[in-house]
There are 2 protein chains.
Amino acid sequence: MRILVADCSVEYEGRLSAYLPPATRLIMVKADGCVAVHADGGAYKPLNWMNAPNHLEEEDGRWVVTNPRGERLTISISHVHFESEMSMGEDPGLQKDGVESELQRLLAETPEVIEAGLSLVRREFPTPVGPVDLLCRDGEGDTVAVEVKRRGDIDGVEQLTRYLEFLNRDEHLAPVRGVLVAQEIKPQARTLAVDRAIGCVEVDYDVLRGLESATLRLF
Amino acid sequence: MRILVADCSVEYEGRLSAYLPPATRLIMVKADGCVAVHADGGAYKPLNWMNAPNHLEEEDGRWVVTNPRGERLTISISHVHFESEMSMGEDPGLQKDGVESELQRLLAETPEVIEAGLSLVRREFPTPVGPVDLLCRDGEGDTVAVEVKRRGDIDGVEQLTRYLEFLNRDEHLAPVRGVLVAQEIKPQARTLAVDRAIGCVEVDYDVLRGLESATLRLF
DNA sequence: AGTTCCATGTCGCGG
DNA sequence: CCGCGACGTGGAACT
């Protein structure tokens with residue numbers, strides 16, 4: 001990785017046009033070639049950047065970075081305060097825990113959290129427009145399609161609507177109703193869901209985990 | 001801005017849990033207090049971070065960053081290869097040009113570019129599922145809902161479809177038809193739009209600007 | 001503060 | 001390569 005602190009102005013021409021007047025900034029060039037220009041503030045996002053793959057042309061104080069999509073980043077450097085290059089080796093990468101797939105796994109184990117009397121038929125039940133997260137049956141024996149999201153958004157309602165459209169064409173399953181389950185459901189998503197007679201259930205992730213460990217302790 | 005290159009492991013506990021095994025990385029602390037841990041690759045996004053506002057507690061090789069939302073970032077530093085602190089002053093900030101809001105503004109001024117005879121009723125016309133970018137009336141006096149996107153995607157068609165569904169329930173407006181306007185419309189979006197009787201119009205951003213400056217020159 | 005939508009979103013997966 | 005969906009999305013604008 002190469003790091004510079006320099007007085008520079010920057011221009012980007014690509015998906016939009018952007019110009020950055022002269023000032024002191026941090027310029028970072030990573031091993032994969034990606035370039036980022038940081039100010040001393042504004043969270044982790046750089047002011048301007050060019051991701052890999054790209055091509056960097058360097059010529060006395062003028063860097064031109066181009067990529068295959070025809071975008072161009074031009075950095076004009078008037079003064080370098082500091083420069084250093086260091087090798088950092090391969091990174092082992094980030095391990096994550098607590099994303100949607102795990103939420104789905106927990107709900108598949110205890111579907112009665114969604115609604116009393118609900119039991120799982122199948123996870124990732126296939127339809128022509130993609131798999132339904134959970135296909136269940138309720139206490140009346142009717143089919144229920146469950147869409148699981150970490151955050152319930154309008155997109156999730158649209159997705160579930162598409163599934164229901166196809167599921168209800170299957171006479172073995174119909175009538176099928178839908179339930180959107182999420183840690184948090186946005187008001188507009190709720191409005192749309194109610195309008196389409198789709199149920200909304202908010203679940204607490206930690207409670208679910210607690211249920212799981214409680215269940216495990218029984219065995 | 002403070003910069004370190006150090007051997008470290010990192011843990012994040014908050015919206016999810018994440019762990020980063022020991023390796024050499026760049027640690028950046030900006031003037032606003034935000035902390036970012038970068039590997040030597042993987043675009044501009046840090047592996048782990050904590051945005052401002054936050055509180056950094058530093059104690060022999062162990063940094064604990066917490067924020068008001070109860071999230072916590074822990075950096076365990078085993079060896080520091082390099083460290084530096086420099087002042088960079090205020091940044092004048094980025095000037096952007098060519099984003100959706102400006103496209104919408106230009107189209108609101110000259111809706112006839114979208115379709116001959118079109119006139120603007122209101123920008124950001126509210127519906128229960130979000131505001132329509134431009135509500136217009138055509139030469140026949142019929143209502144037209146216009147969705148403006150920089151890039152016309154399937155999402156844009158879905159969005160416009162939702163608006164139309166609600167607008168057409170309003171007897172004062174119905175019948176309402178829809179037009180998707182973008183600098184570039186993806187083939188699949190076009191297909192879906194045609195299937196739903198939604199119009200597609202591609203506009204050239206530079207031409208629009210030219211029209212504006214031509215109009216301005218008249219006064 | 002809460003809510004909405006845009007973004008040079010980025011990133012990963014599957015066809 | 002394109003499409004689709006998740007993301008600790010982040011960030012700004014508006015209520």
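Letters go in sequence order (proteins before strands), and every chain restarts at 1. Just so it is clear, the structure is predicted and the values come from calculations on it, not from any experiment.
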Report the residues that fulfil salt bridge (charged side-chain N to carboxylate O under 4.0 Å, His left out) with A:E112, sequence neighbours left out, ordered by chain and then residue number.
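Listed in chain order: nothing, the list is empty.
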Could you write out DNA chain D as dot-bracket? Rules: Watson-Crick or G-U wobble, both distances under 3.5 Å, brackets [ ] for crossings, | for pairs with another strand, dot for unpaired.
|||||||.|||||||
Atom [atom1] of [X] to atom [atom2] of [N]: distance rounded to whole Å?
X: A:D153; N: D:dG5; atom1: CG; atom2: C1'; value: 12 Å
X: A:L103; N: D:dA6; atom1: CG; atom2: C1'; value: 13 Å
X: B:E147; N: C:dC6; atom1: CD; atom2: C1'; value: 11 Å
X: B:R123; N: C:dC5; atom1: CZ; atom2: C1'; value: 14 Å
X: A:K149; N: D:dC7; atom1: NZ; atom2: C1'; value: 12 Å
X: A:I185; N: C:dG2; atom1: CD1; atom2: P; value: 19 Å
X: A:E158; N: D:dG5; atom1: CD; atom2: C1'; value: 14 Å
X: B:E100; N: C:dC5; atom1: CD; atom2: C1'; value: 8 Å

Test item: B:D138 and B:R177 side chains (from C-beta on) under 4.5 Å apart, heavy atoms
yes
Sequence-distant partners of A:W63, ring pair (Phe, Tyr, Trp, His ring centres under 6.0 Å), two or more places apart:
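A:W63 satisfies ring pair (Phe, Tyr, Trp, His ring centres under 6.0 Å) with no other residue.
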With sequence neighbours left out, write down each residue that passes ring pair (Phe, Tyr, Trp, His ring centres under 6.0 Å) with A:Y44, or none if nothing qualifies.
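Checked A:Y44 against ring pair (Phe, Tyr, Trp, His ring centres under 6.0 Å); matches are B:W49.
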What integer number of Å spans the P atoms of D:dC4 and D:dG8?
22 Å
If the P atom of D:dA6 is compared with that of C:dT8, how far apart are they to the nearest Å?
22 Å
Residues two or more places apart in sequence or in another chain: which of them pass side-chain contact (heavy atoms from CB on, under 4.5 Å) with [X]?
X: A:R72; answer: A:V64, A:T66, A:T74
X: A:N168; answer: A:L164, A:A174, A:P175, A:V176
X: A:T161; answer: A:V157, A:R196, A:I198
X: B:D153; answer: B:K186

When rounded to the nearest 0.5 Å, the distance separating CG of A:D32 from CG of A:N51 is 8.0 Å
Could you run through nucleotides 8-15 of chain C and give me one letter per nucleotide, 5' to 3': B if any protein heavy atom sits under 4.0 Å from the base, S if only the sugar-phosphate is that close, - if neither?
BSSS----
When you compare the protein's N or O atoms with those of nucleotides 12-15 of chain D, which come within less than 3.5 Å of each other, and at what distance?
none

Could you pull out every donor-acceptor pair under 3.5 Å between side chains of residues 7-21 of chain B and any protein atom, sequence neighbours left out?
residue : atom : partner : partner atom : Å
B:D7    : OD1  : B:T24   : OG1          : 2.6
B:D7    : OD1  : B:H81   : NE2          : 2.9
B:D7    : OD2  : B:H81   : NE2          : 3.3
B:Y12   : OH   : B:R15   : N            : 2.8
B:Y12   : OH   : B:E71   : OE1          : 2.4
B:E13   : OE1  : B:S17   : OG           : 3.3
B:E13   : OE2  : B:S17   : OG           : 3.2
B:R15   : NE   : B:E71   : OE1          : 3.1

Only distances under 3.5 Å count here; give the side-chain donor-acceptor pairs of residues 128-137 of chain B to other protein atoms, sequence neighbours excluded, each with its distance to 0.1 Å.
residue : atom : partner : partner atom : Å
B:D133  : OD2  : B:V148  : N            : 2.7
B:R137  : NH1  : B:G141  : O            : 3.2

Short side-chain N/O contact from B:K186 to OP1 or OP2 of D:dG3, under 4.0 Å
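Answer yes for this pair, as a side-chain N or O of B:K186 is under 4.0 Å from OP1 or OP2.
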